[in-house]
Amino acid sequence: MGQIILILLAMIVIGASIYIIRYKDKGKPEAGIKRDNNSEYFRDYINLKLYWTSLGFIFLGVTLLIVILIGS
């Protein structure tokens with residue numbers, strides 16, 4: 001049980017650190033902007049996926065942590 005809680009806390013910390021370091025003041029990255037180079041579309045896509053992944057880690061970690069603490 002302790003290992004699961006540590007993993008969930010690590011997920012929350014990783015998600016929060018990615019969000020704070022990269023997106024705190026900038027907000028959600030833009031996607032679908034007309035670009036000259038195709039590699040810039042890929043970079044936009046990766047930034048958008050990283051944004052949603054960081055928020056997903058935070059949400060999933062907090063939700064499962066609450067469920068485990070309420071259930072035990």
Side-chain angles (χ1 to χ4, degrees):
M1 182 69 98
Q3 292 175 344
I4 295 174
I5 292 174
L6 288 176
I7 290 171
L8 293 175
L9 289 174
M11 280 179 61
I12 295 169
V13 167
I14 289 169
S17 65
I18 290 171
Y19 182 80
I20 289 171
I21 291 171
R22 296 202 52 168
Y23 304 111
K24 183 179 178 186
D25 296 329
K26 298 177 190 174
K28 182 180 156 189
E30 296 292 324
I33 299 171
K34 188 70 173 169
R35 302 285 185 181
D36 294 331
N37 193 352
N38 284 337
S39 65
E40 293 177 5
Y41 286 115
F42 182 71
R43 191 181 69 227
D44 290 343
Y45 177 74
I46 293 297
N47 283 334
L48 191 62
K49 289 303 244 184
L50 185 62
Y51 174 80
W52 286 114
T53 302
S54 68
L55 291 180
F57 270 20
I58 295 169
F59 178 74
L60 187 66
V62 169
T63 304
L64 291 176
L65 191 63
I66 290 171
V67 167
I68 288 174
L69 292 177
I70 288 175
S72 60

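- One distance of note links CG of L55 with CG of L50; it measures 9.5 Å at 0.5 Å rounding.
- Taking both residues in full, the closest heavy atoms of T53 and K49 are given as OG1-O, 2.6 Å, listed atom of the first, atom of the second, then distance.
- In the hydrophobic clustering of ILVMFWY residues, with side-chain heavy atoms under 4.5 Å counting as a link, M11 and L9 come out together.
- Using a 4.5 Å cut-off on side-chain heavy atoms (C-beta onward), Y41 and K34 make contact.
- For F59, the CZ atom counts as loosely surrounded, since its 6.0 Å shell holds 12 or fewer non-hydrogen atoms of other residues, nucleotides or ligands.
- Residue L65 forms a side chain to side chain contact (heavy atoms under 4.5 Å, CB included) with just one option from I5, I70, L60, and that option is I5.
- I20 meets the side chain to side chain contact (heavy atoms under 4.5 Å, CB included) test with K24; sequence neighbours excluded.
- Relative ring orientation between Y51 and Y19 is described as tilted, the plane-to-plane angle lying within the 30° to 60° band.
- I18 has its side chain within reach of I14: a pair of non-hydrogen atoms, C-beta onward, lies under 4.5 Å apart.
- Under the 4.5 Å side-chain heavy-atom criterion for grouping Ile, Leu, Val, Met, Phe, Trp and Tyr, V67 is not connected to I4 through any hydrophobic cluster.
- Counting heavy atoms from C-beta outward, I68 and M1 have side chains that approach closer than 4.5 Å.
- Between the CG atom in L69 and the CG atom in L64 there is a gap of 11.0 Å [rounded to 0.5 Å].
- Closest heavy-atom contact between Y23 and N47: OH-O, 3.0 Å.
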